[in-house]
Amino acid sequence: MSREIKLSLVFRDMWQSAGKYVPRVDQLVRIAPAIIEMGCFARVETNGGGFEQVNLLFGENPNKAVREWTKPFREAGIQTHMLDRGLNGLRMSPVPADVRQLFYHVKKAQGTDIARTFCGLNDVRNIIPSIQYAHDAGMISQCALSITHSPIHTVEYYTKMALEFIANGADEICIKDMAGIGRPRTLGRIVANIKKAHPEIPVQYHSHAGPGFSVASILEVCDAGCDCIDVGMEPLSWGTGHADLLTVHAMLNDAGYKVPEINMSAYMKVRSMIREFSDDFLGLYISPKNRLMNSLLIGPGLPGGMMGSLMADLETNLTTINKGRLKKNESPLSQDDLLIRLFDEVAYVWPRVGYPPLVTPFSQYVKNLALMNVMQMLKGKERWSMIADDIWDMILGKAGRLPGTLAPEIIEIAKNEGRVFFDGDPQDNYPDALDKYRKMMNEKHWEVGDDDEELFEYAMHPAQYEAYRSGKAKVEFLADVAKRKSEKEKNNMTGSGNEANVPAGAFTLPTTPQLLSVDVNGQSYRVTVAFGDSAAAVPSPAVSSPVPPAQAAAAPAAPVAAGDGQDLLSPLEGKFFLVKSSSDTPVQTGDAVKKGQTVCYIEAMKTYNAVSAECDGVITAICFNPGDAVSEDDVLMTVK
């Protein structure tokens with residue numbers, strides 16, 4: 001009898017590999033019955049990774065979203081699985097052990113069956129605790145091998161990892177080929193080795209389509225004994241996404257495997273709703289280039305999950321770079337010019353920072369470091385002249401052991417800056433924090449929620465959770481959607497950008513900032529939305545309704561006028577913050593600072609980039625409020 005291959009729809013990753021957001025909870029609940037009706041999925045990826053953060057950015061309660069989204073699948077007998085970043089939980093930075101442990105209890109209570117845990121460094125010390133956390137919560141522990149292609153990431157390397165996970169109680173193994181650059185024969189040998197040692201352990205394969213290996217890899221791992229394959233579906237398959245359900249289904253059928261039939265009527269419903277959700281607002285955040293295959297990705301090995309946001313980052317940074325080039329009478333770069341420079345720099349940077357597998361968050365760190373090097377060198381500055389704190393934590397070993405060795409030039413920079421390397425258990429760097437967050441919630445009169453789920457959310461994503469609770473997140477999200485829709489409408493009407501193409505009497509985009517009315521939890525706001533090259537959207541309270549204290553605190557005030565002294569300029573575009581953590585003490589006007597002292601941060605490309613004082617002196621003005629959007633070369637502070 002032919003062997004059965006199960007299929008899993010990676011619905012969350014489909015969206016986040018394409019762009020920035022996933023559907024809202026009302027959309028998720030609508031599409032779930034049609035996915036179930038398709039009849040071919042044993043599993044669906046419902047949450048994890050950036051899912052909760054995305055809901056917070058919408059101004060939605062992520063706990064409500066997970067409960068409602070997983071419920072129909074549980075009732076239909078379809079297993080749900082989530083993505084867990086090990087030491088980092090659901091975010092880009094490390095998480096205390098007590099928060100990690102609560103994470104599993106919360107997600108099990110919300111209806112998630114399987115925890116797929118990976119470490120972006122493949123440091124088993126960051127994953128093994130999660131096996132016990134999953135079991136304590138009653139979940140299935142699926143441990144992931146983060147696949148990449150380098151001289152040190154061999155078949156033996158990955159086989160040893162998998163066997164160590166199984167020895168420590170892992171229920172399943174995931175081959176997480178997040179960039180799709182795993183070579184088919186190599187992947188088949190890894191799976192065969194696992195199955196030879198432990199035929200009883202299920203193996204699931206996850207890959208991205210971008211470089212073009214994925215379909216061949218799927219057939220190889222199935223021939224080697226793989227049990228379950230992750231798939232995407234049109235119109236979000238291929239490109240930076242995953243191999244398409246229909247292709248994989250037909251291929252496995254032809255190879256003699258037993259795969260469940262697809263209800264094509266339901267398939268078309270799901271496909272139609274995906275298009276509808278894209279037309280609503282999700283497509284506003286999806287670059288058309290993310291739908292294309294790109295063999296150039298074989299070289300840098302950047303993952304599909306990151307490429308979705310990369311194109312948006314490039315668009316923003318390209319504008320910044322070209323403004324500077326125009327000032328120097330230099331010809332502007334195209335997006336392709338910048339992309340090739342970035343890929344070349346990734347190839348230079350990656351081995352020199354120890355070959356971290358290019359998966360979240362370390363793929364972002366390598367990409368960000370490469371991009372900052374490119375931007376700094378285009379300005380005539382030195383390579384490595386701007387390294388974010390999170391990236392330093394990776395380099396120094398605070399997030400885990402790097403697979404390879406650091407280049408002497410990196411070690412020398414660390415030595416010159418007085419940075420200390422760490423080789424202990426990474427979790428030791430991040431003490432328990434739930435009591436602190438519980439106390440903060442009590443002081444704010446916030447409920448900890450069913451199964452402590454609101455406490456978990458606050459401890460996992462403090463800044464985003466506060467923005468959600470205040471209403472600021474929803475105001476900014478709706479304003480951004482309104483702005484993007486208006487700009488898209490303008491582009492559709494102007495065609496090539498020539499205003500003469502607009503029919504007489506047609507809608508024209510405003511040239512001055514406009515006020516929109518936004519309702520958040522019964523609170524009325526007016527939101528100023530600027531278009532074109534104007535300033536970003538600024539939420540302000542509506543005259544007709546008083547602003548509650550929490551929301552008043554979140555709404556940015558007018559920037560403080562610059563004082564006397566030396567201007568401290570923003571090195572890049574992003575959001576301004578005085579501190580990274582609520583436990584840190586921010587500088588204030590009147591504080592004395594030393595040259596080289598970190599005085600604020602610019603949050604960009606999912607990392608906090610430290611900005612240091614350029615001279616000794618006293619801060620005479622702080623020109624932005626925390627959370628404000630800033631452009632490159634904006635004056636952040638003055639120091640005299």
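Residue numbers start at 1 and run along the sequence shown. All values below were derived from every heavy atom in this structure, side-chain atoms included, with hydrogens, water molecules and symmetry-related copies excluded.
Between the Trp69 side chain and the Asn47 main chain, no donor and acceptor come within less than 3.5 Å of each other. Proximity of a side-chain donor or acceptor of Asn122 to a complementary backbone N or O of Ser146 within less than 3.5 Å is detected. Formation of a donor-acceptor pair under 3.5 Å by the Arg484 side chain with backbone atoms of Leu284 is found in this model. Asn442 places no side-chain N or O within donor-acceptor distance of the main-chain N or O of Trp446, the cut-off being under 3.5 Å. Side-chain atoms of Asp244 come within 3.5 Å of backbone atoms of Glu234 as a donor-acceptor pair (strictly under, hydrogens ignored). When atom types are taken as modelled, the side chain of Lys6 and the backbone of Val259 share no donor-acceptor pair closer than 3.5 angstrom. Using modelled atom types, one side-chain atom of Asn168 and one backbone atom of Glu164 make a donor-acceptor pair closer than 3.5 Å. Between the Asp393 side chain and the Lys398 main chain, no donor and acceptor come within less than 3.5 Å of each other. A donor-acceptor contact shorter than 3.5 Å is absent between the side chain of Arg74 and the backbone of Gln79. When atom types are taken as modelled, the side chain of Arg100 and the backbone of Gly86 share a donor-acceptor pair closer than 3.5 angstrom.
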- Message: Using ring pair (Phe, Tyr, Trp, His ring centres under 6.0 Å), reason through Tyr465 and His461 one step at a time and then give a plain yes or no.
- Response: CA-CA 6 Å; Tyr465 189 79; His461 304 119; 9.1 Å; no

- Task: Give the C-alpha distance, both sets of side-chain angles, the deciding distance and a yes or no for salt bridge (Lys or Arg N to Asp or Glu O under 4.0 Å) between Lys575 and Glu476.
- Result: CA-CA 13 Å; Lys575 287 192 175 184; Glu476 292 184 340; 3.4 Å; yes

- How far apart are the C-alpha atoms of Val106 and Glu457, what are their side-chain angles, what is the distance that settles it, and do they pass the side chain to side chain contact (heavy atoms under 4.5 Å, CB included) test? CA-CA 10 Å; Val106 166; Glu457 207 64 51; over 6 Å; no

- Going through the distances and angles, do Phe11 and Ile35 end up as a side chain to side chain contact (heavy atoms under 4.5 Å, CB included)? CA-CA 10 Å; Phe11 194 82; Ile35 293 173; 3.9 Å; yes

- Message: Please evaluate residues Tyr355 and Trp350 with respect to the criterion ring pair (Phe, Tyr, Trp, His ring centres under 6.0 Å), reporting the C-alpha separation (whole Å), side-chain torsions for both, the decisive distance (0.1 Å), and the verdict.
- Response: CA-CA 5 Å; Tyr355 284 116; Trp350 188 38; 5.0 Å; yes

- Verdict with supporting geometry, Met273 and Met268, side chain to side chain contact (heavy atoms under 4.5 Å, CB included): CA-CA 9 Å; Met273 276 192 269; Met268 295 306 292; over 6 Å; no

- List the steps, then state whether side chain to side chain contact (heavy atoms under 4.5 Å, CB included) holds for Tyr257 with Cys222. CA-CA 9 Å; Tyr257 291 105; Cys222 286; 4.1 Å; yes

- Query: Between Gln27 and Asp280, is a side chain to side chain donor-acceptor pair (under 3.5 Å) present by the stated rule, with each step listed?
  - Reply: CA-CA 10 Å; Gln27 296 169 323; Asp280 180 8; 3.0 Å; yes

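Applying the salt bridge (Lys or Arg N to Asp or Glu O under 4.0 Å) definition to pairs two or more places apart or across chains, those involving residues 113-131 are Arg116-Asp230, Asp123-Arg125. Within the structure, the ring-ring contact (aromatic ring centres under 6.0 Å, His included) test picks out no pair touching residues 123-150 (sequence neighbours left out). For residues 101-122, the set of pairs meeting the ring-ring contact (aromatic ring centres under 6.0 Å, His included) definition, not counting sequence neighbours, comprises Phe103-Phe456.
A salt bridge links Glu45 to Arg12: at least one charged side-chain nitrogen sits closer than 4.0 Å to a carboxylate oxygen. Ion pairing between a basic and an acidic side chain is recognised when a charged N comes within 4.0 Å of a carboxylate O; Lys472 and Glu466 show no such pairing. A salt bridge is absent between Glu60 and Lys64: the closest approach of a Lys/Arg side-chain nitrogen to an acidic carboxylate oxygen does not fall below 4.0 angstrom. Taking a cutoff of 4.0 Å between a charged side-chain nitrogen and a carboxylate oxygen, Arg183 and Glu220 do not qualify as a salt bridge.
When all heavy atoms are compared, the tightest approach of Asp171 to Ile201 is O-CD1, 3.7 Å. Between Ala34 and Ala266, the closest heavy-atom pair is O-CB, 3.7 Å. The minimum heavy-atom distance linking Ile114 with Met139 is given by the pair C-CE, 4.0 Å. Of all heavy-atom pairs spanning Gly225 and Lys195, the tightest one is O-CE, 3.0 Å. Counting all heavy atoms, side chain and backbone alike, Ile286 lies closest to Ala18 at CG2-O, 3.6 Å. When all heavy atoms of Phe577 and Tyr608 are compared, the closest pair comes out as CD1-CE2, 3.7 Å.
Between the side chains of Asn63 and Glu454, at least one donor-acceptor pair of N or O atoms lies under 3.5 Å. With 3.5 Å as the limit, one finds no donor-acceptor pair spanning the side chains of His81 and Thr112. A donor-acceptor contact closer than 3.5 angstrom links the side chains of Arg43 and Gln204. Between the side chains of Asp13 and His242, at least one donor N or O sits under 3.5 Å from an acceptor N or O. Checked by atom type, the side-chain pair Asp136/Gln132 shows a donor-acceptor distance below 3.5 Å. Side-chain contact annotation: Lys107 with Gln110, donor-acceptor N/O pair under 3.5 Å present. Counted by atom type alone, Asn61 and Tyr468 present one or more donor-acceptor pairs between their side chains at under 3.5 Å. Inspection of the Tyr285 and Asp480 side chains reveals an N or O donor paired with an N or O acceptor under 3.5 Å.
Counting heavy atoms of neighbouring residues, nucleotides and ligands inside a 6.0 Å radius, atom CZ of Arg24 exceeds 12 of them.
The side chain to side chain contact (heavy atoms under 4.5 Å, CB included) test applied to Pro361 returns Asn88, Met92, Tyr365, not counting sequence neighbours. The side chain to side chain contact (heavy atoms under 4.5 Å, CB included) test applied to Met251 returns Val215, Ile218, Leu219, not counting sequence neighbours. The side chain to side chain contact (heavy atoms under 4.5 Å, CB included) check on Ala224 picks up Val191, Ala192, with sequence neighbours excluded.
Between Pro357 and Ile147 there is no side-chain heavy-atom pair separated by less than 4.5 Å. Taking the side chain as every heavy atom from C-beta outward, Leu455 and Glu447 never approach each other to under 4.5 Å. Looking at heavy atoms from C-beta onward, Ile31 lies in side-chain contact with Ile274 at the 4.5 angstrom threshold. Side-chain contact check for Lys269 versus Ser272: every heavy-atom pair is 4.5 Å or farther apart.
Here Asp177 contributes atom CG and Thr186 contributes atom OG1; the two are 10.5 Å apart, rounded to the nearest 0.5 Å.
In this structure, Phe477 and Phe281 have perpendicular ring planes: the angle between them is above 60°, well past the 30° mark.
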